[in-house]
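First the structure, in the form of structure tokens, and then the observations on it.
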Amino acid sequence: QRQLVESGGGSAQAGGSLRLSCKASRTILSEFVAANMGWYRQRPGLERELVANITGGRTTYADSVKGRFTISRDNSRKTVYLQMNSLKPEDTAVYYCNQVRRSSETYWGQGIQVIVSS
């Protein structure tokens, strides 16, 4: 049913780390390899924003997370990761996995909560 399933969220203290995973459960391997995978987040009262994106070996990061977050993918597992280090309270948000296929068809995960406390 659901194309993307996120895991690894939860709570952390400022300065701590979390690692999010997104499994493209229903995406065939060839489509996953070709797909643009990304992480978005939505903070309370704000619009959904791009956090990081990976297309092949190329990565893009929002300025707010650059140097702290790392996006990566394991094609054999059809999984994309977001390693979040040096977390800040303003990183608190619901994080969404995103997939854009070659056809431009777009899929979203359900979203996973990340809470960073002082």
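Note that the coordinates shown come from a computational prediction; the quantities given were computed from them, not determined experimentally.
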Hey, what do you get for [atom1] ([X]) to [atom2] ([Y]), rounding to the nearest 0.5 Å?
X: R58; Y: I71; atom1: CZ; atom2: CD1; result: 13.0 Å
X: S21; Y: Q83; atom1: OG; atom2: CD; result: 9.5 Å
X: L46; Y: E90; atom1: CG; atom2: CD; result: 12.0 Å
X: F69; Y: T59; atom1: CZ; atom2: OG1; result: 14.0 Å
X: R43; Y: S64; atom1: CZ; atom2: OG; result: 6.0 Å
X: K88; Y: S86; atom1: NZ; atom2: OG; result: 8.0 Å

Which heavy atom of [X] sits nearest a heavy atom of [Y], and at what distance?
X: L82; Y: A52; answer: CD1-CB, 4.2 Å
X: V80; Y: C97; answer: CG1-SG, 3.8 Å
X: S11; Y: L18; answer: O-CD2, 4.2 Å
X: S17; Y: A12; answer: O-CB, 4.4 Å

pair [X]-[Y]: side-chain heavy atoms closer than 4.5 Å:
X: R102; Y: E31; result: yes
X: T79; Y: F32; result: no
X: L4; Y: M37; result: yes
X: R41; Y: V65; result: yes

Margin query: Between L87 and W39, is there shared hydrophobic-cluster membership here, with clusters defined by ILVMFWY side-chain heavy atoms closer than 4.5 Å?
Written below: yes
Margin query: Applying a strict under-4.5 Å side-chain criterion to I, L, V, M, F, W and Y, I'd like to know whether V5 and L20 cluster together.
Written below: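 They do not share one cluster, since no chain of ILVMFWY contacts under 4.5 Å joins V5 to L20.
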Item checked: Listed partners of R68 passing salt bridge (charged side-chain N to carboxylate O under 4.0 Å, His left out), at least two apart -> D91
Margin query: Take a 6.0 Å sphere around NZ of K78 and say whether it holds more than 12 heavy atoms from other residues, nucleotides or ligands.
Written below: yes
Notebook entry, point to check: Is Q42 atom CD crowded by more than 12 heavy atoms from other residues, nucleotides or ligands, each under 6.0 Å away?
Noted result: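 Atom CD in Q42 is packed in, count exceeds 12.
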Notebook entry, point to check: Where do R101 and Q3 land on the side chain to side chain contact (heavy atoms under 4.5 Å, CB included) test, with the steps shown first?
Noted result: CA-CA 12 Å; R101 300 189 182 186; Q3 293 285 334; 2.7 Å; yes
Checklist line | No-hydrogen, no-angle side-chain donor-acceptor test under 3.5 Å, T55 and N36 | finding: yes
Margin query: Can you pull out every salt bridge (charged side-chain N to carboxylate O under 4.0 Å, His left out) where at least one residue sits in residues 4-13? Sequence neighbours excluded, please.
Written below: none
Margin query: Once ring pair (Phe, Tyr, Trp, His ring centres under 6.0 Å) is applied, what residue pairs with a partner in residues 91-118 remain, sequence neighbours excluded?
Written below: Y40-W108
Between [X] (side chain) and [Y] (backbone), is there a donor-acceptor pair under 3.5 Å?
X: T92; Y: V116; answer: yes
X: T27; Y: S25; answer: no
X: Q113; Y: A93; answer: yes

